[in-house]
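As the structure is a computational prediction, the values presented were derived from the model and not from experiment.
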Amino acid sequence: MHGLVNRSIQCFLSDTYGAEVWTDVADGAALGFDRFEALLSYDDALTSRVLLSAADRLEKSVEVLLEDLGTYLVSNAGSDGLRRLLRFGGVSFVDFLHSLSELEDRVRLAMPDLAMPVLSIDDHANGHFTLNCQFEHAGFGPVIVGMLRAMADDYGALVVLHHQETDTGCDEIRIDLLDAGFSNGRSFALGVPAA
Amino acid sequence: MNATTDITNLSASALDRLMPMHLIVSPAGLVIRTGPTLAKLLPSSGAEGGDLFDLMEVVRPTRVCCIADLCADGGAALHLRLRDHPRTRFKGLAVQLPGSGGYLVNLSFGIAVADAVRDHTLTQSDFADTDLTVEMLYLIEAKTAVMNESRNLNLRLQSARIDAEEKAFTDTLTGLRNRRAMDHVLACLLGQGARFALMHLDLDYFKDVNDSFGHAAGDRVLQVVASVLIAETRSADTVARIGGDEFVIIFDRQEDPSALTAIAERIIERLEQPIAVSDRSCRISGSAGIVISTHYVSPTADLMLADADAALYASKHDGRGCVTLGEGLPAAASDRAKPSERSA
């Protein structure tokens, strides 16, 4: 599994639950090191062990943890990077949903070795959408659900999400957009303020 | 007039959507109209009615005197700059409009796009949907994030490497232990009160090999020496290269002077065998000084190394290729380390 995925899980756990929890999780997973590097690759088994160890330590299901991870990736106060990259997808939440079809291409431009799920969005009109996600590793659908929820907040849109796994092992997320202008959302400027 | 080439019939809103950074300039060079995004960059009083060249300077092509020059040569690429702060740069293209004789100038930010978007707080809707500016900004941000991560990873790897090198116990050229390893072993043995001998070996004529055959040959000779030292010692012994052509061997639980002298002589004898280095043959020898821990009342690393060194130089003084046994005395004695026994 790509280091970026593992590093995200690590940052999520230590930012949300504290460095001690991360240390416990790493010990529980018998990692043998205390830090994932975002630019290196790791054995897939390590990722599974970390998730199971975290679920055990925090007494939550892996599914709930992954959805929280998705929300954290977009909305954590410490890092604006991923939220900004996703906001480049469009001016409105609907634009953003449509941009998900090209997410794989966007990610490949930045990190060619990061395997992304194949996402395809169906627009059923009147604010009803279906997002199909085909992952290389099954079980990561809840991450997308968490990210979608956080991105809807970011755009100020009110949505209802339903997630289910299909018989073919895909993740299907139904998105009902109730109000595109529910709140002001967070501001997004194209330009990054000079450091 | 041919409809496919006449864009003057385009509605203003269509022109704004297609080219939000356009200008329409009169034959006299006065700005007649600006696209909505460009308008955000210009003085709030509005640019319309003003002279284009009061608004912007032409960086390239040089020697542009009037608006007609901008379309000369079939319309070369223009490089323009706002005269006012923040002196935003543009790339542009000017074409003459049919009929009226005015000009349509379309601008983009070129390579300075990120600064311009920041300076003028532009948004996605300020760019035509066909414009790749937003993709460009996305890419800049994504690549910057990856580069920062990569730089941090490199810094961490570099410091880990320095750390590992500092902790390394191996001489990379010969595969023998290094000075740090020898210090460590010596300290351990002395701490345990162990009985051991220490031999300081210095190659003779090695400098000649380096000088006449080159450093690659010198390196090869050092590797051959290392293999001789490993072959003539036991696995419990420590063989270290502590300098260019200086070696220290620590003989574990070996305190018999005559056995040690015999080992040293055998080593020197083997070192004196010709060493083949790429079709040529090098000859070296070695001088050794030996000290034994049990000859000291309270041995220390510094004392034993100094005595072994003194014994070694006695061997050198004796004409090289020989072994000298230094005799340790109580640390308090001032006349320690006089060579007492020699054999050639």
Side-chain angles (χ1 to χ4, degrees), chain A residues 2-8 10-11 33-42 73 76 78-96 98-100 102-114 116 154-155 185-195, chain B residues 17 20-21 36-38 40-41 85-90 108-161 163-164:
Chain A
H2 198 285
L4 193 59
V5 176
N6 293 308
R7 176 91 184 132
S8 298
Q10 177 191 336
C11 289
F33 53 86
D34 59 1
R35 180 196 167 94
F36 281 112
E37 288 293 348
L39 297 183
L40 301 182
S41 263
Y42 297 88
L73 287 174
N76 84 88
S79 159
D80 207 19
L82 184 64
R83 173 188 97 92
R84 284 191 54 82
L85 293 180
L86 290 172
R87 283 289 294 252
F88 276 107
V91 180
S92 68
F93 185 65
V94 172
D95 286 345
F96 162 74
H98 283 288
S99 78
L100 290 175
E102 60 180 36
L103 189 68
E104 198 190 358
D105 294 330
R106 285 179 171 270
V107 170
R108 194 168 51 233
L109 278 180
M111 289 192 102
D113 58 338
L114 176 58
M116 283 299 290
D154 212 85
Y155 277 103
R186 280 169 79 187
S187 66
F188 171 68
L190 273 189
V192 189
Chain B
R17 279 174 57 211
M21 287 179 60
T37 302
L38 191 60
K40 288 189 173 185
L41 277 54
H85 181 78
R87 297 177 62 74
T88 303
R89 286 175 288 157
F90 303 98
S108 79
F109 290 116
I111 201 70
V113 60
D115 293 339
V117 166
R118 186 191 62 228
D119 291 345
H120 301 288
T121 54
L122 299 178
T123 69
Q124 273 137 307
S125 42
D126 287 320
F127 296 94
D129 286 332
T130 48
D131 190 321
L132 290 178
T133 296
V134 176
E135 280 80 358
M136 179 81 167
L137 294 173
Y138 159 81
L139 200 52
I140 293 171
E141 240 174 278
K143 285 292 185 191
T144 304
V146 174
M147 280 303 294
N148 287 342
E149 193 59 45
S150 174
R151 197 181 51 237
N152 291 336
L153 173 61
N154 280 332
L155 287 174
R156 282 194 293 277
L157 291 179
Q158 191 184 23
S159 80
R161 192 177 64 96
D163 215 37

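- Side-chain contact annotation: B:R151 with B:N148, donor-acceptor N/O pair under 3.5 Å present.
- For A:L40, the part lying near chain B is the side chain, with the backbone staying farther off; criterion is any non-hydrogen pair under 4.5 Å.
- Crowding of B:R17 atom CZ: a count of heavy atoms from other residues, nucleotides or ligands under 6.0 Å not exceeding 12.
- For a residue to count as touching a neighbouring chain, one of its non-hydrogen atoms must lie under 4.5 Å from one of that chain's; by this rule B:L122 touches chain A with the backbone only.
- Every residue two or more places apart in sequence or in another chain that forms a salt bridge (charged side-chain N to carboxylate O under 4.0 Å, His left out) with A:R35 is listed here: A:E37.
- Annotation: cation-pi pair A:R87/A:F96 absent, no NZ/CZ under 6.0 Å from the ring centroid and within 45° of its normal.
- Looking only at atom types and distance, the side chain of A:H2 has no donor-acceptor partner in the side chain of A:S41 under 3.5 Å away.
- With salt bridges taken as basic N to acidic carboxylate O contacts below 4.0 Å, none links B:R156 and B:D163.
- Using a 4.5 Å cut-off between heavy atoms, B:T121 does not touch chain A at all.
- Within residues 126-135 of chain B, the residues approaching chain A closer than 4.5 Å by heavy atoms are, in numerical order, B:F127, B:V134, B:E135.
- Aromatic ring centres of A:F188 and A:Y155: separated by at least 6.0 Å.
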